[in-house]
Engineer: 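A single structure is presented below for examination.
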Amino acid sequence: MEQSMDYGKERVVALVDMDCFYVQVEQRINPELKNKPCVVAQYKTWKGGGIIAVSYEARAHGVTRNMWADDAKKLCPDLQVARVRESHGKADLTHYRDASVEVIEVMSRFAVIERASIDEAYMDLSASVKQRLRSIEDVQIEPHLLTSTFVQGYPQATTSQDKTEDAMLDNDAVRLKGLGQWLASLPPTTQMDSADLQLAVGAIIVEEMRAAVEQCTGFQCSAGISHNKVLAKLACGLNKPNRQTVLPLSSVTQLFSSLPISKIRNLGGKLGASITETMEVENIGELAKFTQGQLAQHFGVKTGQWLYDLCRGIEFEPVKPRQLPKSIGCSKNFPGKTSLATKDQVQHWLEQLALELEERLIKDRDMNGRVAKLLTVGVRLAGETKPSSYSRCCALARYEASKISTDSYAIIKSLNCAGNHQQAWSPPLTLLHLSASKFSDAPTASYGGGFLSE
DNA sequence: TCATTATGCCGCT
DNA sequence: TAGCGGCAT
Ligand SMILES: Nc1ncnc2c1ncn2[C@H]1C[C@H](O)[C@@H](COP(=O)(O)OP(=O)(O)OP(=O)(O)O)O1
Ligand SMILES: [Mg+2]
Ligand SMILES: [Mg+2]
């Protein structure tokens with residue numbers, strides 16, 4: 001019964017993440033790129049462009065994101081390089097945003113989803129699982145329903161001889177052995193409150209969802225299925241690409257005993273580093289030896305409680321029912337010698353950004369029936385290292401590029417220290433960023449210009 | 001020549 | 001609320 005559901009196992013949560021997403025988008029556009037070492041790079045003139053997505057074939061040669069394409073070619077001479085489209089003098093991510101919408105629309109047929117990034121979404125499958133369990137007639141769940149599923153922690157290798165024997169089998173044979181072991185350990189499907197049984201049914205639903213995504217879009221993906229968002233995200237990465245991983249809570253202790261803190265979502269930065277330094281621990285599981293009070297003392301009550309639960313595999317962040325982005329933005333860097341040092345240059349690039357923003361806002365209004373009310377302008381000044389050194393906002397009343405750009409110029413004008421009569425802009429700008437947010441429902445098409453009455 | 005780019009969400013004050 | 005900073009893809 002629900003009231004006896006084990007603590008931390010109340011929900012079934014999945015995270016689906018597309019495999020080398022921008023590469024797959026380019027490969028669908030140009031099928032000659034399929035099954036080859038391939039990257040997506042933006043821009044060309046500087047060292048062949050910066051790589052932002054890498055096929056698994058290219059990864060095998062050591063090619064990574066953030067590498068310059070010219071450098072990647074040295075590691076992999078046969079590397080295929082697809083280019084991000086350029087519009088208004090800047091990178092244009094439209095193809096990938098559109099592909100993302102295709103994927104999310106398929107996933108939304110199966111569950112309420114949270115768009116977590118351009119290529120991944122969380123879903124809370126708890127209700128669907130319970131419904132599905134009621135309709136299952138077989139007493140046991142058959143492995144053929146879970147053909148791309150790994151179960152973390154299985155097969156349970158107890159002796160070093162077990163491990164040696166598993167190493168003799170091919171990858172899929174080990175997967176199947178583990179899956180079979182785990183399924184055999186589950187109670188009959190009438191035992192609907194079993195947390196692991198619920199994970200198994202969640203995994204069936206996700207198998208079906210991923211098959212539908214591939215059939216409808218041609219794109220492959222991976223997934224994690226567990227009891228919360230952090231575990232689902234972690235599980236998703238364990239058997240990429242084109243596979244999904246169930247992470248039962250009972251497998252967390254062993255997994256966490258050697259899992260670097262930085263592998264946990266939100267702990268990949270300064271907080272994670274400070275945990276390692278202050279508590280003198282490397283792995284997330286080691287945090288279980290501290291009391292809530294100790295963790296709260298060092299990291300604050302909220303973060304302390306989050307860590308206390310998390311190192312035991314427990315987390316409660318809800319899956320938010322949200323398919324659409326909450327902001328629409330565009331930005332461009334002007335590094336080194338290309339920094340913007342005249343008023344005309346600043347105006348020109350604000351116009352280019354405003355043109356892209358206008359196009360995307362109009363499409364968003366037409367597709368989603370909403371309008372943004374706030375315009376934020378951000379800049380970085382030459383010499384600054386932070387991503388944005390200054391930001392100001394103003395009302396966004398009209399979807400009109402010329403107004404967006406002049407308003408943007410007006411609210412950053414005061415940053416220019418050069419004389420009023422000069423053409424110069426100083427200090428030079430190395431980043432411009434425009435973003436629209438605070439969405440409301442769009443006015444309907446009926447006449448809305450009446451005064452005090454409609 | 002120095003150049004990791006273009007995004008997007010959330011918490012703190 | 002505005003603006004900043006952190007963390008992420
Ligand atoms: N730092 C970045 N800068 C720009 N674009 C990025 C960055 N990180 C990721 N992207 C884009 C390109 C990716 O194809 C897409 C999804 O990111 P991500 O899921 O982390 O990797 P991926 O989908 O390319 O490979 P994987 O199979 O490992 O998931 O988002
Ligand atoms: Mg991905
Ligand atoms: Mg991703």
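In the text below, chain A, chain B and the rest are named by the order of the sequence lines, each starting its count at 1. Just so you know, these numbers use all the heavy atoms, side chains as well, and skip hydrogens, waters and symmetry mates. Keep in mind it's a predicted model, so treat the numbers as computed, not measured.
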Engineer: If we count only N and O atoms by modelled type, under 3.5 Å, do the side chains of Arg392(A) and Thr376(A) hold a donor and an acceptor together?
Structural biologist: no
Engineer: Between Asn66(A) (CG) and dA8(C) (P), how many Å, whole number?
Structural biologist: 14 Å
Engineer: Which whole-number value in Å describes the distance from Trp46(A) CH2 to dT5(B) C1'?
Structural biologist: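 Interatomic distance, CH2 of Trp46(A) to C1' of dT5(B): 14 Å.
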Engineer: Give the nucleotide from the list dA6(B), dA8(C), dC4(C) with an atom nearest to the side chain of Arg265(A).
Structural biologist: dA8(C)
Engineer: Would you tell me if any nitrogen or oxygen in the side chain of Lys233(A) comes within less than 4.0 Å of OP1 or OP2 on dA8(C)?
Structural biologist: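 No.
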Engineer: How many whole angstroms separate atom CG of Asp98(A) from atom P of dT7(B)?
Structural biologist: 14 Å
Engineer: With heavy-atom distances below 4.5 Å as the criterion, would you say the side chains of Arg370(A) and Asp364(A) are in contact?
Structural biologist: yes
Engineer: Could you tell me whether the side chains of Thr94(A) and Asp92(A) share a donor-acceptor contact shorter than 3.5 Å?
Structural biologist: yes
Engineer: How does protein reach along nucleotides 8-13 of chain B, written 5' to 3' as B (base within reach of a heavy atom under 4.0 Å), S (only sugar-phosphate), or - (no contact)?
Structural biologist: SSSS--
Engineer: What is the separation between atom CG on Leu93(A) and atom P on dT5(B), rounded to the nearest whole Å?
Structural biologist: 14 Å
Engineer: Assess the side chains of Ser405(A) and Gln347(A): does a donor N or O sit below 3.5 Å from an acceptor N or O?
Structural biologist: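 No pair is found: no donor N or O on one side chain lies under 3.5 Å from an acceptor on the other.
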Engineer: For the side-chain contact (heavy atoms from CB on, under 4.5 Å) test, which of Met123(A), Lys130(A), Gln198(A) pairs with Val12(A)?
Structural biologist: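 When side-chain contact (heavy atoms from CB on, under 4.5 Å) is applied between Val12(A) and each of Met123(A), Lys130(A), Gln198(A), only Gln198(A) qualifies.
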Engineer: For Leu374(A) and dG3(C), give me the distance from atom CG to atom P, rounded to whole Å.
Structural biologist: 9 Å
Engineer: Answer with base, sugar-phosphate or nothing: what part of the nucleic acid does Leu434(A) contact at a heavy-atom distance below 4.0 Å?
Structural biologist: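 Counting heavy atoms under 4.0 Å across all strands, no contact is made by Leu434(A).
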Engineer: Check the distance between dC7(C)'s C1' and Leu271(A)'s CG and give it to me in whole angstrom.
Structural biologist: 10 Å
Engineer: Does a donor on one side chain sit under 3.5 Å from an acceptor on the other, for Asn283(A) and Ser258(A)?
Structural biologist: no
Engineer: Which whole number of Å gives the distance between the P atom of dA8(C) and that of dA3(B)?
Structural biologist: 25 Å
Engineer: Answer with base, sugar-phosphate or nothing: what part of the nucleic acid does Tyr43(A) contact at a heavy-atom distance below 4.0 Å?
Structural biologist: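 Sugar-phosphate, no base atom in range.
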Engineer: How long is the line joining NZ of Lys229(A) and P of dC7(C), in whole Å?
Structural biologist: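 Interatomic distance, NZ of Lys229(A) to P of dC7(C): 17 Å.
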Engineer: Taking the P atom in each of dC2(B) and dT9(C), what is the distance between them to the nearest angstrom?
Structural biologist: 31 Å
Engineer: How about Ser222(A) and Asp19(A): does a side-chain donor come under 3.5 Å of a side-chain acceptor?
Structural biologist: yes
Engineer: Please give me every residue in residues 68-87 of chain A whose heavy atoms get under 4.0 Å of an atom in DNA chain B, ordered by residue number.
Structural biologist: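 Heavy-atom contacts with DNA chain B come from Trp68(A).
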Engineer: With DNA chain B as reference, determine whether Lys90(A) or Pro335(A) sits nearer its 5' end, using the nearest nucleotide of each.
Structural biologist: Pro335(A)
Engineer: Need to verify one output field. Residue with the more 5' nearest nucleotide on DNA chain B, Ile51(A) or Asp92(A)?
Structural biologist: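 Final value for this comparison: Ile51(A).
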Engineer: OP1 or OP2 of dA3(B) sitting under 4.0 Å from any side-chain N/O of Lys337(A)?
Structural biologist: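 No, Lys337(A) has no side-chain N/O under 4.0 Å of OP1/OP2 on dA3(B).
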Engineer: Honestly, is Lys332(A) close enough over Phe334(A), meaning NZ or CZ under 6.0 Å from the six-membered ring centre and within 45° of the axis?
Structural biologist: yes
Engineer: Check whether any side-chain N or O of Arg83(A) sits under 3.5 Å from a backbone N or O of Gln42(A) as a donor-acceptor pair, and report yes or no.
Structural biologist: no
Engineer: Just the rounded figure in Å: distance from C1' of dG6(C) to CZ of Phe299(A).
Structural biologist: 16 Å
Engineer: Which nucleotide wins on minimum distance to the side chain of Glu356(A), given the candidates dT7(B), dT5(B), dC4(C)?
Structural biologist: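 Nearest nucleotide to the side chain: dT7(B).
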Engineer: Just checking Asn333(A): base, sugar-phosphate only, or nothing, at a heavy-atom cut-off of under 4.0 Å?
Structural biologist: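 Since only primed, P, OP1 and OP2 atoms lie under 4.0 Å of Asn333(A), the category is sugar-phosphate.
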Engineer: With a sphere of 6.0 Å drawn around NZ of Lys403(A), does it hold more than 12 non-hydrogen atoms of other residues, nucleotides or ligands?
Structural biologist: no
Engineer: How is Gly336(A) classified with respect to the nucleic acid when contacts are heavy atoms under 4.0 Å: base, sugar-phosphate, or nothing?
Structural biologist: sugar-phosphate
Engineer: Students often get this wrong, so: under 4.0 angstrom with heavy atoms, is Arg65(A) touching a base, only sugar-phosphate, or nothing?
Structural biologist: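 Nothing: the residue Arg65(A), judged by heavy atoms under 4.0 Å, touches no strand.
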Engineer: So, Glu26(A) versus Tyr96(A): side-chain donor-acceptor pair below 3.5 Å or not?
Structural biologist: yes
